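Everything numeric in this text was worked out from a predicted model, so none of it was measured.
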Amino acid sequence: MGNADFECPHRVAIPPTKPFFESLSSNLKETFFPDDPFKQFKNQPLGPQILLWLKYFIPIFEWAPHYTLDFFKSDLVSGVTIASLAVPQGISYASLASIPPIIGLYSSFIPPLIYAMLGSSKDVAVGTVAVASLLMAAIMGKEVSPVEHPKQYLQLVFTATFFAGVFQASLGFLRLGLIVDFLSHATIVGFMGGAATVVCLQQLKGILGLVHFTHETDIVSVITSVSSQVHQWRWESIVLGCCFLFFLLLTRYLSKKKPIFFWINALAPLTSVILGSLLVYFTHAEKHGVQVIGHLKKGLNPLSATDLAFGSPHLLIAIKTGIIVGIIGLAEGVAVGRSFAAFKNYHTDGNKEMIAFGIMNIVGSCTSCYLTSGPFSRSAVNFNAGCKTAVSNIVMSIAVMITLLFLTPFFHYTPLVVLASIIITAMIGLINYEEVIHLWKLDKFDFVVCLGAYIGVVFGSVEMGLIIAVALSVLRVLLMIARPRTLVLGNIPNSTIYRSIDQYPTAEHVPGILILQLEAPIYFANSNYLRERLSRWITDEEERIKSSGETSLQYIILDLSGVSSIDSSGISMLKEIKKSIERKGFKLVLANPKSEVIKKLNKSNFIEAIGHEWIYLTVGEAVTACNFVLQTWKPSPVAAAELDSAVNSV
């Protein structure tokens, strides 16, 4: 059944083979430099080239010359607004990490200055992150007690921050941001929701006025700890906490309903701190069971480079914690930057963001700061306040500096219950139940990933939730690779278009021809599955033809348009499929193989084995060629006699 007489209008070309090192260089460039960042430096004199390098690695040199007074007015308002949020949040999140509250303020002074110079986002507002703070306390608090050994614990926090920065900067410099991509959207929604729930549960200590509380983060341990201390609940703290929680939630609701009132929600935490401090000061509530922050040291960040515990027996725990919180910080910060950049129609460079976050955490660890990123709540306020550039971070930093120099004594009487209310209000925004419902409707597997992450965090631990979420995400990637989709194609009536019969019920089977489409690269991981699946498709088609009495099957067309690459295992699979098909008396035909695929098929002599005349540019041309042969082929007398005998026996 040859097709030597059929003239194909287009032949599949075999691209010329590139030298090994040229091919390797091209592949590495596509893997690590898909955006071709160094194109602008080509053919430039040394002087302009140095200036371009400075602008590339230090973005402030790029936009600062074009900075205007109008920009500054907007950034000034934005910076003061986020500073009013940064002070109470910094103090609150430091308590989550079980470190002195002043460290939270230090962390809103130095890191924003670093980011303003190195970051590529105009809208990200740098600050401490609740989830990362909780992670640090949950992981390192098991090794070193922050109560019994506060200095040693604080040294571990600085060390973990240092390694988080090194890890983040390394990903940026090595262009390995794809590692963060393993935290899928569903993973982040579930993990953040679970972490927010855990953080809210931890705040019951402050709301109820408890002195002793469990160090575990799972819901069972928290409920057990709370219920076993009912006799120690302080009604003063409960009343105060409920009042401020209602106030904060009300302002949050109003700002969501009327975005023009965003400033009400932004100023609400600082207002709560001021009102709470005044109330405690005038009523002496600290003498009636309402716990307060106490003394906060005045002055700017002391150096802490000598506190980095590289020789500590707990160094491995610090490295592990640093990597975990580094990934979480990157996932949130980079995602937030991209989201707001999309609103304003500009581009953020993910690798630059990683470098900026990494360097600011390395510098921060040496200046008494712990892990910082681009938290969504603060960045959203910055965006809504109308910021134009990263100067808003500089304004915030200056405002925090003034607070550190002159205003810290005013926070002495700030009640811890107010800080707990601020944290709960911020965390409620991270429990995105609407997105969970959307995931259920859109993709059930994504919903399972999201739910797995949430349950792991809430009923297990923050680490367990993260592990479950990443494991499920990786499992999905492996399943997509190991179990790719294969489709039967049919002809759309009155056209030369061939589409999936499942998707287009009107598509018709082509008599005597089975068209199969592969939708993934063919690798060692899926070659055995594809061999079995293709064989089953052929068997099913034979049974369908037998039951319907249609023209007997003669050709198997494989549409390779979805196969971007193939390895040696894949080529071996195709050879086995070819032999299996030919043993049944059928002919294998290939359609639309990609450049990389056709090159490897040529090198493996598969093209010679199948015949170049059986490889076509489109499915339509392949079907036309097969129909041409079916219509012109005449069976031999022996074959005709066998056919008549078979018909008579039926």
Side-chain angles (χ1 to χ4, degrees), residues 20-42 49-50 52-62 111 114-121 124 126 129 132 135 159-185 187-188 308 310 315-316 318-338 341 347-366 371-374 466-467 469-471 473-474 477-478 481 565:
F20 172 74
F21 287 107
E22 183 182 340
S23 176
L24 178 63
S25 174
S26 176
N27 289 334
L28 289 176
K29 181 180 178 181
E30 286 301 313
T31 302
F32 297 108
F33 304 99
D35 54 343
D36 195 11
F38 305 122
K39 183 178 181 180
Q40 58 182 318
F41 305 117
K42 294 177 181 177
Q49 198 174 79
I50 292 174
L52 286 172
W53 277 104
L54 282 174
K55 288 181 178 180
Y56 180 78
F57 285 107
I58 309 176
I60 194 172
F61 286 124
E62 184 174 357
I114 304 295
Y115 183 83
M117 292 187 292
L118 302 178
S120 63
S121 172
V124 165
V126 171
V129 184
L135 273 168
T159 308
T161 302
F162 174 82
F163 282 109
V166 170
F167 177 72
Q168 291 171 330
S170 299
L171 289 183
F173 281 119
L174 298 176
R175 316 280 295 185
L176 292 175
L178 56 93
I179 292 177
V180 180
D181 292 338
F182 277 100
L183 290 177
S184 66
H185 174 67
T187 301
I188 293 174
L308 299 178
F310 296 129
L315 180 62
L316 290 179
I319 296 174
K320 170 188 169 184
T321 306
I323 292 174
I324 293 175
V325 298
I327 291 175
I328 296 299
L330 277 185
E332 182 172 7
V334 173
V336 166
R338 285 174 178 170
H347 174 70
T348 60
D349 188 323
N351 290 294
K352 286 183 185 177
E353 291 293 282
M354 293 177 194
I355 294 170
F357 286 137
I359 292 177
M360 78 182 186
N361 280 314
I362 292 172
V363 174
S365 68
C366 299
L371 188 114
T372 50
S373 183
L466 188 61
I467 291 170
V470 173
S473 297
V474 172
V477 172
L478 293 176
I481 293 173
S565 60

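In this structure, OG on Ser473 lies 11.5 Å from NE2 on His185, to the nearest 0.5 angstrom. From Met117, atom CE reaches atom CZ of Phe61 across 8.5 Å, with rounding to the nearest 0.5 Å. One distance of note links NE2 of His347 with NZ of Lys352; it measures 8.0 Å at 0.5 Å rounding. To the nearest 0.5 Å, atoms OG1 (Thr321) and CG (Leu316) are separated by 10.5 Å. With rounding to the nearest 0.5 angstrom, the CD1 atom of Ile355 is 6.5 Å from the CD1 atom of Ile359. Remark: Ile328 CD1 to Ile188 CD1 distance equals 7.5 Å, nearest 0.5 Å.
Counting heavy atoms from C-beta outward, Val129 and Thr372 have side chains that stay 4.5 Å or more apart. The shortest side-chain heavy-atom distance between Met360 and Leu118 does not fall under the 4.5 Å cut-off. Using a 4.5 Å heavy-atom threshold, the side chains of Phe167 and Ile319 count as separate. You'll find the side chain of Tyr115 reaches within 4.5 Å of the side chain of Glu353, heavy atoms only.
No side-chain donor-acceptor contact under 3.5 Å links Asn361 to the backbone of Val166. Judged purely by atom type and a 3.5 angstrom limit, Thr161 uses its side chain to pair as donor or acceptor with the backbone of Leu371. Of the possible donor and acceptor atoms, one in the side chain of Ser120 sits under 3.5 Å from a partner among the backbone N and O of Asp349.
Of all the heavy atoms in Ala164 and Val325, the pair that sits closest is CB-CG2, 4.2 Å. Nearest heavy atom pair, residue Ser121 against residue Gly337, reads OG-CA, 4.0 Å. Listed here is the closest heavy atom pair of Gly333 and Val124: O-CG2, 4.2 Å.
In this structure, Phe163 and Phe310 have perpendicular ring planes: the angle between them is above 60°, well past the 30° mark.
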